[in-house]
Asks: 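Dropping a structure here in structure tokens format, bear with me for questions.
Residue numbers start from 1 in every chain, and the chains themselves are labelled A, B, ... in the order their sequence lines are given, proteins ahead of strands.
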Number of protein chains: 2
Amino acid sequence: MLPERTVERLSEYRRSLLQCLEEGKTHIFSHELAELHHNTAVQVRRDIMFIGYTSMQRKGYDVRELINVIGDILDSEQGLNVAVIGVGNLGRAITTYFIGKRSKLNIIATFDVDTTKIDRVISGVKCYPLSRLKEIVEKEDISIAIMTVPADSASEVSTQLVDSGIKGVLNFTTVPLQVAPDVYMDEYDMITSLEKVAYFVKTART
Amino acid sequence: MLPERTVERLSEYRRSLLQCLEEGKTHIFSHELAELHHNTAVQVRRDIMFIGYTSMQRKGYDVRELINVIGDILDSEQGLNVAVIGVGNLGRAITTYFIGKRSKLNIIATFDVDTTKIDRVISGVKCYPLSRLKEIVEKEDISIAIMTVPADSASEVSTQLVDSGIKGVLNFTTVPLQVAPDVYMDEYDMITSLEKVAYFVKTART
DNA sequence: GAAATATTGTTAATTTAATCACAGTTTAGG
DNA sequence: CCTAAACTGTGATTAAATTAACAATATTTC
Ligand SMILES: NC(=O)c1ccc[n+]([C@@H]2O[C@H](COP(=O)([O-])OP(=O)(O)OC[C@H]3O[C@@H](n4cnc5c(N)ncnc54)[C@H](O)[C@@H]3O)[C@@H](O)[C@H]2O)c1
Ligand SMILES: NC(=O)c1ccc[n+]([C@@H]2O[C@H](COP(=O)([O-])OP(=O)(O)OC[C@H]3O[C@@H](n4cnc5c(N)ncnc54)[C@H](O)[C@@H]3O)[C@@H](O)[C@H]2O)c1
């Protein structure tokens with residue numbers, strides 16, 4: 001099990017590496033990758049050490065190989081299915097955005113309680129009533145949920161998610177959620193991010 | 001200057017505290033606050049120690065007072081003005097969402113290059129052409145930008161942001177941006193978050 | 001009003017993450 | 001073929017963040 005920060009950085013490296021590949025770059029040095037990611041060459045090498053890949057000495061890392069090795073670590077062979085819960089402004093933006101982005105992570109369903117949204121199709125993904133959550137999650141083997149419901153229903157919905165058999169949640173509501181210990185949860189709070197930026201802008205001024 | 005993680009947690013505590021206030025709760029213990037936030041009572045007390053607030057012993061923290069003290073630390077007295085750059089799906093969602101949420105952080109302008117979007121008003125906020133960035137930033141005293149432009153224009157736009165005098169950036173594009181050292185930048189990469197969730201779901205399975 | 005209980009604030013210890021420092025390769029140039 | 005230069009991989013070290021441990025203090029109970 002890799003450190004969380006390392007997992008994040010590997011995902012980020014991979015995106016840069018894919019970009020490199022498109023530009024026809026076949027090899028990359030640790031210090032080049034570092035420069036692209038606000039960190040140091042040592043950190044990059046250490047991260048890559050974690051996944052047990054070694055480069056051709058003096059030529060840098062083979063871009064294509066490194067992409068594959070990162071894929072072996074991060075991706076599940078058969079891919080994982082994802083659902084978006086709450087098809088409001090944010091849920092719609094995310095659904096539209098993700099379609100076709102990652103071959104190993106497919107958004108294959110959305111859920112809502114608003115009857116005007118149910119059965120609507122966004123970017124090829126159908127919206128189901130939340131009452132059918134468990135049924136669809138089981139039938140379609142969905143293991144990850146992206147939560148974009150209003151704050152006041154967040155905690156109730158999260159219980160339903162866990163009951164339905166979801167194993168990972170990416171929570172965008174501003175409510176910290178309690179889930180069973182075998183469910184992995186990542187929370188992102190936009191207001192917190194913005195307040196953090198504001199704090200550092202403020203303190204830099206003085 | 002507080003540790004970054006502490007700043008984040010303080011912002012999160014504050015939101016819970018505001019919620020408590022609404023529910024008529026006047027005092028809160030460190031372990032209660034901890035429970036709401038996936039962390040420990042010691043961590044809460046240490047964070048609060050950082051900002052130099054002390055409770056009434058044995059009664060817990062005075063909710064209202066603690067909110068004010070956190071405000072003194074996080075907020076700027078006159079508030080800070082914010083602009084959203086790139087009024088696509090995500091930019092629109094964020095703009096709509098933020099309006100009225102935080103009295104000390106006001107989104108007061110959006111920018112785009114798409115002529116069909118310019119001059120449109122979203123939730124009371126007007127969209128300006130990107131070419132007027134510097135002019136408006138100076139006139140309206142905007143210090144923070146939220147970046148939601150497409151990846152391929154991200155790095156160019158970030159240069160313009162810095163030139164215009166922006167001091168803090170919240171970057172939602174998937175491109176790591178280079179900014180001047182006196183500009184604070186926070187980057188959030190949704191794909192990375194989702195891949196991280198997927199990784200931990202995958203490894204938990206084995 | 002003494003003892004038991006609950007909670008804080010803080011020092012010390014521990015754990016985790018990042019950085020330093022350098023030996024070990026490979027390649028290039030003479 | 002020898003030396004210098006350029007990078008990598010990793011043990012050792014340092015720094016940062018978290019957790020444990022506990023004295024100090026207020027409150028309740030009897
Ligand atoms: N919009 C943003 O940019 C933004 C930013 C940060 C955080 N958030 C958070 O994301 C969440 C959604 O924000 P939004 O702007 O998209 O809100 P929204 O009101 O546009 O969308 C919410 C959607 O959830 C649906 N919904 C309500 N109750 C539900 C339930 N029990 N189960 C399933 N669906 C349900 C609603 O019908 C609606 O379609 C909120 O919790 C908000 O705090 C949004
Ligand atoms: N939609 C999401 O949920 C989501 C999730 C993660 C990351 N992102 C990132 O956010 C960014 C925007 O995503 P989106 O889905 O809103 O895209 P979008 O295409 O809907 O919106 C992009 C907007 O930016 C405008 N634009 C283009 N070039 C510009 C420039 N030079 N200056 C100002 N505006 C410009 C476009 O006219 C458009 O309005 C992308 O970089 C994407 O990677 C989006």
Asks: What residues, two or more places apart in sequence or in another chain, satisfy side chain to side chain contact (heavy atoms under 4.5 Å, CB included) together with A/T54?
Replies: none
Asks: Let me know the distance between CG of B/L33 and C1' of C/dG9, rounded to the nearest Å.
Replies: 16 Å
Asks: List for me each residue that meets side chain to side chain contact (heavy atoms under 4.5 Å, CB included) alongside A/E32, sequence neighbours excluded, and say none if there are none.
Replies: A/K25, A/I28, A/F29
Asks: If you look only at pairs with a residue in residues 160-176 of chain A, which of them pass as a salt bridge (charged side-chain N to carboxylate O under 4.0 Å, His left out), with sequence neighbours excluded?
Replies: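 Pairs touching residues 160-176 of chain A that pass the test: A/K167-A/D182.
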Asks: I need the full list of salt bridge (charged side-chain N to carboxylate O under 4.0 Å, His left out) pairs touching residues 102-111 of chain A, with sequence neighbours left out, sorted by first then second residue.
Replies: A/R102-B/E195
Asks: Starting at atom NE2 of A/H38, determine the distance to atom P of C/dT19, rounded to an integer number of angstrom.
Replies: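 Roughly 14 Å, once rounded to whole Å.
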Asks: Pick base, sugar-phosphate or nothing for B/Y61, based on heavy-atom distances below 4.0 Å to the nucleic acid.
Replies: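 Result for B/Y61 = sugar-phosphate.
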Asks: Please list, chain by chain and in numerical order, all residues satisfying side chain to side chain contact (heavy atoms under 4.5 Å, CB included) with A/T6, sequence neighbours excluded.
Replies: A/P3, A/R9, A/L10, A/D47, A/F50
Asks: How close or far is atom C1' of C/dT7 from atom CD of B/E32, stated in whole angstroms?
Replies: 11 Å
Asks: Quick one: is the NZ or CZ of B/K101 closer than 6.0 Å to the six-membered ring centre of B/Y97, and within 45° of its axis?
Replies: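 That pair qualifies as a cation-pi contact.
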Asks: Check the distance between C/dA17's P and A/M1's CE and give it to me in whole angstrom.
Replies: 12 Å
Asks: Can you name the residues that form a salt bridge (charged side-chain N to carboxylate O under 4.0 Å, His left out) with A/E35, not counting sequence neighbours?
Replies: none
Asks: Rounding to a whole Å, what distance do you find between B/F50:CZ and C/dT11:P?
Replies: 12 Å
Asks: Starting from P on C/dA18, measure out to CZ on B/R5 and report it in whole angstrom.
Replies: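 Roughly 13 Å, once rounded to whole Å.
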Asks: Going 5' to 3' along DNA chain D, which nucleotides are the first and last within contact of chain A (any atom under 4.0 Å from a heavy atom)?
Replies: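 With heavy atoms of chain A under 4.0 Å away, the range is D/dA5 to D/dA12.
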Asks: Report the distance from atom CD of A/Q43 to atom P of C/dA17, rounded to the nearest whole Å.
Replies: 10 Å
Asks: Let me know the distance between CG of A/L2 and P of C/dT16, rounded to the nearest Å.
Replies: 15 Å
Asks: Mind checking what makes side-chain hydrogen bond (donor to acceptor under 3.5 Å, both in side chains) contact with A/N106, not counting sequence neighbours?
Replies: none
Asks: Could you tell me, to 10°, how much the axis swings from one end of the helix from C/dG1-D/dC30 to C/dG30-D/dC1 to the other, five pairs per end?
Replies: 0°
Asks: Under 4.0 angstrom, heavy atoms only, what part of the nucleic acid is B/T6 near: base, sugar-phosphate, or nothing?
Replies: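 Nothing, no heavy atom under 4.0 Å.
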Asks: Which letters describe nucleotides 20-26 of chain C, given B = protein heavy atom under 4.0 Å from base, S = only from sugar-phosphate, - = neither?
Replies: BB--BBB
Asks: Quick one: list whatever passes side chain to side chain contact (heavy atoms under 4.5 Å, CB included) with B/E65, sequence neighbours left out.
Replies: B/Y53, B/D62
Asks: Please tabulate, for side-chain N and O atoms in residues 141-148 of chain B, each donor-acceptor pair with protein atoms closer than 3.5 Å (sequence neighbours left out).
Replies:
unit_1 : atom_1 : unit_2 : atom_2 : d
B/T148 : OG1    : B/I85  : O      : 3.1
B/T148 : OG1    : B/G86  : O      : 2.6

Asks: Between A/F111 and A/Y128, what is the ring plane arrangement, given parallel below 30°, perpendicular above 60°, and tilted in between?
Replies: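 Correct class here is tilted.
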